[in-house]
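A, B, ... follow the sequence lines: proteins, then strands. Residue 1 opens every chain. This is a predicted model, so every value here is computed, not measured. What's counted below: heavy atoms across the whole structure, side chains too, no hydrogens, waters or symmetry copies.
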Amino acid sequence: MEIPKAYDPSQAEENHYARWESSGFFAPEINEDPNAEPFSIVIPPPNVTGTLHMGHALQHTLMDVLTRWKRMLGYRTLFLVGVDHAGISTQLMVTRQLKKEEHNNPKDIGREAFTAKVWEWKNKYGCEITRQIRREGLSVDWTRERFTMEENLSRAVREVFVRLYEEGWIYRGTRIVNWCPKDKTVLSDLEVKEEKAKDGKLYYLKYPVKSFESRLQPASAAAPPEGGTQNKFITVATTRPETMLGDTAVAVNPEDERYKDLIGKTIALPLTNREIPIIADEYVESEFGTGAVKITPAHDANDWEIGERHDLEKLVIMNDDATMNSAAGKDFEGLDRFEARTKVIEEFEKLGLLEKIEDYDVTLPHCERCKTVIEPLLSEQWFVKMDEMRDLALNLMREEALPHFFPEVPHKKVYTTWLENLRDWTISRQLWWGHQIPAWYDADGNVYVARTKEEAFEQAGTQDLTQDQDVLDTWFSSALWPFSTLGWMSEPGGVATGEFHASDLETFYPTNVLVTGRDIIFLWVSRMVMTGLKFMGEKPFDDVIIHGTVLDKNGQRMSKTKNNGIDPLDVFAKYGVDATRMALAGSATGVDFAWRDERVESFRNFSNKIWNATRFALMNSEGATVQNSPPSEGEVAAASADGVVLSLPDRWISSRLNKTAKAVNRALETYQFHEAVQLLYHFFWDDFCDWYIELKKDEITAGDIESSSRILTILEQALRLLHPFMPFLTEELWQKLPGISNQLHNQAYGKAEQTIMLTTFPTGDDSLIDEAAESEMASVIELITKVRNIRAEMNIKSGDRLAIHVAGLKEIQSIFAANEAQIKKLARADNIVLAEKLEVPKASARAVLTGNAEIAVPLEGLIDFEKERERLQGQIEKLDVELQRLNGQLSNKNFVDKAPEEKVKELRDRKAEIENQSATLGLNLEALN
RNA sequence: GCCGACUUAGCUCAGUGGUAGAGCACUCGCUUCACACGCGAUAGGCCACAAGUUCGAAUCUUGUAGUCGGCACCA
């Protein structure tokens with residue numbers, strides 16, 4: 001078999017995915033065991049407009065590792081895939097395209113034609129992200145692919161809306177909301193980001209108090225008014241002067257002595273013809289600013305509340321694009337809010353009513369998507385009342401402490417605290433792309449909320465109804481994802497992305513684990529929990545893995561503005577998908593980490609290492625086959641009865657493999673992906689390649705079929721262990737192994753499919769863990785390493801063969817005797833002399849081994865005595881440092897008295913060992929003089 | 001302002017009461033018949049700082065400093 005010297009990931013990546021998918025390996029039905037336990041994960045649906053980024057790549061890898069692992073363990077596994085309709089971004093994208101290609105606006109073509117355009121766009125371009133998901137190798141079930149806007153999921157959305165409305169958990173109300181003037185829609189609190197304004201200012205405006213108005217002459221107002229009371233004016237401070245056009249009061253604290261006499265008086269509001277009252281409200285803090293606050297109830301949340309308390313007029317002075325409307329007055333109508341600000345200031349200046357302007361640190365709400373400054377605006381919207389919803393989630397948290405967050409700190413607390421302070425959720429959006437709100441209005445403005453138009457007609461007793469023009473927040477439909485995708489409210493047939501299976505909901509809900517990013521805990525996780533509890537009566541998942549953020553190499557968050565993003569597809573192309581997956585899974589769960597190409601590169605090298613180890617095994621595999629494994633205890637017994645005695649390396653590697661398998665399973669059970677990656681890397685590279693293959697090399701190249709078969713058997717199991725992390729490489733290599741037969745396959749899978757992904761995942765067999773073999777191998781490794789050290793330090797040419805003299809107890813001698821050939825090969829020696837005492841020439845390099853053994857390598861003519869002295873001296877010094885520490889600890893009476901006996905004994909043994917080694921080295925050193 | 005996390009080898013990060021670890025980089029050697037995306041051998045850290053608990057602290061507690069994040073913000 002011709003196998004290239006270097007691994008080419010792109011080949012393997014092309015070879016297998018299509019076959020896996022078309023063979024139905026990803027679908028739960030592949031598991032025909034009627035008793036198989038289900039395991040399910042739903043993908044956090046990426047935006048239909050989105051493209052893959054590192055965050056996706058990370059979370060997708062973790063989910064796929066879990067899924068493939070569970071599938072190999074025999075679970076009936078569903079990894080459900082799909083995308084969401086991403087209301088605003090999709091609408092904006094299609095609008096842009098419409099303008100560019102057809103020079104048309106959505107308004108001009110109308111709602112129906114526009115949504116048709118969006119569907120067209122979705123069908124054409126919306127599969128970009130799904131193509132990328134295939135590229136990642138995700139074992140998601142494409143036959144069940146979902147889309148939030150498809151009919152079945154939309155039916156679920158309507159059902160939830162109607163039921164919540166009927167129970168009074170959804171209401172329509174007029175509130176101050178977050179208005180994005182660019183996107184022209186309302187946003188929920190979570191879609192708004194507070195950010196520092198670049199040059200925030202605090203403007204001090206003087207408002208003339210009505211009683212003194214007659215004395216004021218606008219033209220002469222530049223001169224300070226003389227005499228009279230000091231309260232001719234009341235000065236208010238504001239960061240948004242333009243809103244003064246909508247002021248309907250000025251408020252002061254009732255206890256504020258400065259203003260007490262003004263309460264109840266009125267103000268002639270400059271630039272308007274309006275007269276507004278001065279009111280007293282506890283909300284005002286006398287210490288801040290001037291202690292007097294302008295009140296704009298239609299443009300500020302706090303002001304709105306004051307307005308409610310004092311029954312103030314709520315004057316909306318802006319249009320939906322944040323230009324001033326007619327209520328702002330003729331001079332301002334049509335101006336943008338920031339132009340209006342400038343003009344207001346100019347006018348105040350002219351009137352002599354601008355007291356001062358101060359620099360001021362102000363944080364402003366920005367639209368998370370388009371970065372526009374949010375305008376708080378009085379508006380009628382639909383809301384979900386959160387108090388009872390929230391209690392569902394909080395009770396679950398208290399009673400069962402679910403969901404379990406991984407890592408638990410800090411997410412459990414953050415999540416709970418957020419729930420406790422939750423405010424109502426604005427769910428209507430002024431868009432056309434999304435689930436249109438199932439509410440209809442009659443001519444009188446009465447509302448009829450219904451599942452269908454027909455139901456609404458029936459309720460209203462008339463067909464003269466208009467449906468609410470708004471759609472629902474995309475997160476409203478995402479909140480239902482874990483059950484809407486599994487078929488809640490679904491009906492067979494109809495327009496759907498994937499197939500509907502009547503039993504899925506029962507089988508796969510609740511899902512087992514959710515993997516997602518921190519930023520989405522509130523937006524999505526909490527809402528899934530609430531709706532899941534409300535509508536399914538059960539939590540949507542037990543565990544939530546919150547993965548870390550992938551930062552750039554300088555530890556900065558990746559962002560479009562900084563243009564420091566790393567495209568996973570580039571990384572795939574350069575290093576391979578599997579290497580990328582390893583690098584991602586190899587980061588600690590939940591911890592942010594700076595992306596370094598060097599790290600992926602090391603896993604690319606790892607791929608190549610495994611490739612070549614397999615290549616070597618195959619190059620010498622004439623007649624050898626993978627044996628059915630792991631062998632049963634009966635087979636082991638039979639083998640020993642046959643007089644087949646496994647060699648030390650064979651016993652050792654088997655022990656290492658089974659220990660590793662156990663540890664990998666343990667790590668995955670607690671979502672310690674990086675731990676598993678570490679274990680696999682170490683096993684393959686250090687144990688399997690550096691030691692096992694090297695120790696077996698002679699046997700294999702000599703054509704020992706037994707030996708080759710053993711290597712192949714170990715390799716086959718190790719590949720399975722690695723498969724969830726590196727699916728392409730492992731499949732590619734596994735396919736090449738000789739003797740892969742049906743009996744290797746997982747018993748759960750009735751079909752004898754030729755794929756590693758349906759083989760049994762090794763869980764580790766205790767009976768094959770062999771501590772004696774591990775300790776014997778440790779001695780062999782120590783011996784070889786010490787000799788190699790001597791070679792390196794003494795600059796022995798690699799071609800020069802040495803003799804090794806070993807002195808030690810019978811036990812250790814017999815270990816070395818049994819493995820003489822291998823030791824000779826790896827230490828490059830042509831002779832090993834075993835004895836109880838060393839009898840060697842003075843010109844020898846010396847070293848000590850654990851367990852009272854020592855070695856000497858005669859180097860007549862090659863030894864540099866000075867160097868050897870330094871070498872020994874260095875080793876003695878190292879031992880002495882440790883000895884000192886041990887002595888210190890053991891001479892501490894408190895330690896000896898209070899520490900556990902075991903611990904004390906351990907240190908005493910260690911001390912004896914070190915003293916011994918140090919003494920031996922000391923004698924060696926003296927002998928050199 | 002409130003809450004939280006982090007600070008360990010040059011870099012990126014594991015570890016979490018009992019001898020400090022990995023990968024990469026560095027140094028030295030190697031055309032050793034799977035792999036130079038390699039092999040072999042080294043070197044490198046008072047685990048941010050200070051105090052406390054303990055026989056024993058990188059690990060627990062408290063404080064300080066720096067970095068980052070979340071939440072809330074008074075016009």
For a quick test of reading the model: is some side-chain N or O of [X] closer than 4.0 Å to OP1 or OP2 of [N]?
{"X": "Tyr360(A)", "N": "A75(B)", "answer": "yes"}
{"X": "Lys878(A)", "N": "A43(B)", "answer": "yes"}
{"X": "Lys413(A)", "N": "A5(B)", "answer": "no"}
{"X": "Lys898(A)", "N": "U54(B)", "answer": "no"}
{"X": "Asn605(A)", "N": "C35(B)", "answer": "no"}
{"X": "Asn608(A)", "N": "G38(B)", "answer": "no"}
{"X": "Trp595(A)", "N": "C24(B)", "answer": "no"}
{"X": "Arg788(A)", "N": "A41(B)", "answer": "yes"}

Per the atom types in the model, does the base of [N] pair as donor or acceptor with the side chain of [X] at under 3.5 Å?
{"X": "Arg596(A)", "N": "C11(B)", "result": "no"}
{"X": "Glu601(A)", "N": "A25(B)", "result": "no"}
{"X": "Lys5(A)", "N": "A34(B)", "result": "no"}

In terms of side-chain geometry, is the basic nitrogen of Arg240(A) or Glu375(A) positioned less than 4.0 Å from the acidic oxygen of its partner?
yes
Between Glu906(A) and Arg910(A) (salt bridge meaning N to carboxylate O under 4.0 Å), is one present in this structure?
no
Should Asp300(A) and Pro376(A) count as side-chain neighbours, where that means a heavy-atom distance under 4.5 Å?
no
Examine the side chains of Glu191(A) and Ser188(A) and answer whether a donor and an acceptor come within less than 3.5 Å of each other.
yes
Specify whether Phe288(A) and Tyr360(A) have parallel, tilted or perpendicular ring planes, treating 30° as the upper limit for parallel and 60° as the lower limit for perpendicular.
perpendicular
I need a per-nucleotide contact map over nucleotides 67-72 of chain B, read 5' to 3'. Cutoff is protein heavy atoms under 4.0 Å; write B for the base, S for backbone only, - otherwise.
--SS--
Partner of Thr296(A) under side chain to side chain contact (heavy atoms under 4.5 Å, CB included), picked from Leu312(A), Asp303(A), Leu245(A), is Asp303(A)
For Arg599(A), what residues pass the salt bridge (Lys or Arg N to Asp or Glu O under 4.0 Å) criterion, not counting sequence neighbours?
none
